[in-house]
Trainee: 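Dumping the structure here so I can ask a few things about it.
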There are 2 protein chains.
Amino acid sequence: MRESAVKDRILDTASRLFYDQGYHVTGINQIIEEADIARASLYNHFPSKTDLLLAYLDRTHQEWFVELDEFLAPIPMAREKLLALFDYRLQRQRRYGYKGCPFNKITAETSDDEQVLQRVKVHKEQIRDTIRQLVLQAEHRRLMDDDRLTDTLFLLQEGGIVLGATFRSSNDAEKARQIAESLL
Amino acid sequence: MRESAVKDRILDTASRLFYDQGYHVTGINQIIEEADIARASLYNHFPSKTDLLLAYLDRTHQEWFVELDEFLAPIPMAREKLLALFDYRLQRQRRYGYKGCPFNKITAETSDDEQVLQRVKVHKEQIRDTIRQLVLQAEHRRLMDDDRLTDTLFLLQEGGIVLGATFRSSNDAEKARQIAESLL
DNA sequence: TTCAAAATAGATAAGTCTGTCTATTTTCAG
DNA sequence: CTGAAAATAGACAGACTTATCTATTTTGAA
């Protein structure tokens with residue numbers, strides 16, 4: 001049996017609205033209307049709004065790293081891969097309208113849900129690990145040791161993305177990339 | 001006529017709940033109950049929930065820089081003031097439970113409100129300016145020029161704070177401070 | 001073609017939300 | 001002490017929320 005097209009439309013619509021508008025201001029009714037599906041179909045696939053949120057986070061996380069792998073694959077050198085990671089995140093911000101990292105957004109909205117927080121932690125830790133692996137392989141300028149460089153690059157990225165949301169611009173993320181370049 | 005104690009209690013309670021729980025999940029009813037004031041008193045002082053939000057942002061912004069001035073005042077050297085700015089933000093995170101910057105939080109929740117976004121921009125730009133002024137005064141190691149160092153320090157701070165919210169910890173903000181120290 | 005699974009429309013429950021209004025009591029300055 | 005301003009309790013409107021349920025139609029694989 002093939003995957004349900006209805007389920008995909010629900011998740012697509014919910015993802016877009018959760019990210020663009022926010023989770024709490026997005027009602028089930030709006031999702032149903034914009035996805036153009038029946039109310040019972042939604043509750044058949046996702047027993048509660050929380051399940052829909054978790055599915056959104058899981059799919060976003062999965063897609064994030066699949067696309068990253070594709071993005072980095074043609075780049076041979078670890079140093080250039082590290083810079084491309086900045087480009088990748090910039091590309092995503094451009095594509096989705098400078099609203100910041102979806103995981104940081106949901107953390108800001110739902111401070112206490114353990115299931116949500118756990119997924120955010122996993123996502124961020126995996127980004128940090130990706131950076132660390134590349135730093136270990138890269139022949140960088142050794143202005144810092146590997147651990148410190150890892151932290152620096154990660155902090156610069158997170159800072160650039162979050163400022164992109166407040167200024168609706170790529171300026172700070174681009175500066176972050178330039179700084180990274182000078183440190184590598 | 002003196003300032004109303006009721007108005008202060010409303011704003012205190014709303015601020016706490018907006019920050020701890022989030023703006024949209026905090027209802028007027030909860031504010032009324034926890035502030036232990038009458039419904040009409042709230043609407044007398046704040047005609048709408050949005051007015052309450054804007055008052056919260058304005059007061060937080062004002063208090064942020066008043067406290068910062070007090071924090072930096074006894075420190076003589078610009079370089080040490082820059083590091084103390086990291087300490088100041090760390091202290092605030094500790095005090096308020098590692099939920100991130102209140103301005104970033106509200107940006108994540110209310111993506112489209114121009115009045116809100118404007119206040120966030122002003123707040124962040126003022127932090128950046130504060131850093132810039134101190135960098136210009138500081139006799140730093142000249143590993144970068146003043147503008148780039150300003151951006152770097154700002155990005156490190158923002159990154160450290162936002163990661164503090166996902167890991168509910170001061171680890172990344174402390175690392176940010178250490179990196180800043182090595183760059184100064 | 002058959003027939004179960006999937007999707008549909010729509011009513012409904014039970015609760016919450018913001019904001020308004022009335023009527024009463026408290027507070028506090030002159 | 002007086003009288004206006006401030007605060008109170010509480011009902012209420014109207015809209016919205018998530019979730020459930022029934023009954024019907026469509027879909028698609030065997």
Side-chain angles (χ1 to χ4, degrees), chain A residues 1-59 105-106 108-116, chain B residues 1-59 105-106 108-116:
Chain A
M1 63 192 79
R2 72 180 185 78
E3 261 306 294
S4 160
V6 167
K7 186 170 182 176
D8 284 345
R9 274 226 306 293
I10 295 168
L11 199 45
D12 288 346
T13 305
S15 298
R16 174 173 55 80
L17 294 174
F18 288 169
Y19 182 69
D20 286 351
Q21 302 183 341
Y23 173 71
H24 284 112
V25 298
T26 299
I28 296 288
N29 294 334
Q30 189 184 8
I31 297 170
I32 286 163
E33 179 159 355
E34 296 200 17
D36 197 33
I37 50 94
R39 179 170 216 77
S41 298
L42 188 147
Y43 280 101
N44 181 46
H45 288 293
F46 305 99
S48 75
K49 195 185 171 186
T50 299
D51 290 296
L52 193 47
L53 171 61
L54 297 178
Y56 154 63
L57 293 177
D58 287 342
R59 197 182 64 164
K105 277 200 82 173
I106 207 65
E109 268 200 270
T110 68
S111 314
D112 280 341
D113 189 314
E114 270 311 314
Q115 291 183 290
V116 169
Chain B
M1 65 193 79
R2 71 181 185 79
E3 262 305 294
S4 161
V6 167
K7 185 170 183 177
D8 284 345
R9 274 226 306 293
I10 295 169
L11 198 45
D12 288 346
T13 305
S15 298
R16 176 173 55 81
L17 293 174
F18 288 169
Y19 183 69
D20 286 351
Q21 302 184 343
Y23 173 71
H24 285 112
V25 299
T26 300
I28 296 288
N29 293 333
Q30 188 184 8
I31 297 170
I32 287 164
E33 178 158 357
E34 296 200 18
D36 197 33
I37 51 93
R39 178 171 215 77
S41 298
L42 188 148
Y43 280 101
N44 180 47
H45 289 292
F46 305 97
S48 74
K49 196 185 170 187
T50 300
D51 290 296
L52 193 47
L53 171 60
L54 297 178
Y56 155 62
L57 293 176
D58 287 342
R59 197 182 64 163
K105 277 200 82 173
I106 207 66
E109 267 201 271
T110 69
S111 313
D112 280 341
D113 189 314
E114 270 311 316
Q115 291 183 291
V116 169

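Naming: A, B, ... by sequence-line order, numbering from 1 per chain. Atom set for the values below is all heavy atoms of this structure, side chains included, hydrogens, waters and symmetry mates excluded. Fair warning: this is a prediction, and the values are worked out from it, not measured in the lab.
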Trainee: Does this structure show an ion pair linking B:Glu34 with B:Arg16, if we count only N-O contacts that are shorter than 4.0 Å?
Mentor: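 Judged by the 4.0 Å cut-off on N to carboxylate O distance, B:Glu34 and B:Arg16 do form a salt bridge.
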Trainee: Taking atom C1' of D:dC16 as reference, at what distance in whole Å does atom CD1 of B:Ile28 sit?
Mentor: 16 Å
Trainee: If the condition is side chain to side chain contact (heavy atoms under 4.5 Å, CB included), which residues does B:Val116 pass it with, not counting sequence neighbours?
Mentor: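 Per chain and number, B:Val116 pairs via side chain to side chain contact (heavy atoms under 4.5 Å, CB included) with B:Leu53, B:Leu54, B:Leu57, B:Ile106, B:Thr110, B:Asp113, B:Val120.
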Trainee: So, is A:Asn44 close to the C:dA6 phosphate, meaning a side-chain N or O under 4.0 Å from OP1 or OP2?
Mentor: no
Trainee: From the list C:dG19, D:dT8, C:dA7, which nucleotide is the closest neighbour of the side chain of B:Ala38?
Mentor: D:dT8
Trainee: Provide, to the nearest angstrom, the distance between the NE2 atom belonging to A:His45 and the C1' atom belonging to D:dA19.
Mentor: 17 Å
Trainee: Could you check how far CD1 of B:Ile10 sits from C1' of D:dT8, rounded to whole Å?
Mentor: 12 Å
Trainee: Select base, sugar-phosphate, or nothing to describe what B:Thr26 touches, counting heavy atoms under 4.0 Å on all strands.
Mentor: sugar-phosphate
Trainee: So, does A:His24 get its side chain near the phosphate of D:dT17, meaning an N or O under 4.0 Å from OP1 or OP2?
Mentor: no
Trainee: Starting from the C-alpha separation in whole Å, work towards a yes-or-no answer on side chain to side chain donor-acceptor pair (under 3.5 Å) for B:Lys7 and B:Ser41.
Mentor: CA-CA 8 Å; B:Lys7 185 170 183 177; B:Ser41 298; over 6 Å; no
Trainee: Could you list the protein-to-nucleotides 20-22 of chain C atom pairs, N/O on both sides, closer than 3.5 Å?
Mentor:
unit_1 : atom_1 : unit_2  : atom_2 : d
C:dT20 : O4     : B:Arg39 : NE     : 3.1

Trainee: Under 4.0 Å from OP1 or OP2 of C:dT18: is there any side-chain N or O of B:Asn29 that close?
Mentor: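 No, because none of the side-chain N or O atoms of B:Asn29 sits under 4.0 Å from OP1 or OP2 of C:dT18.
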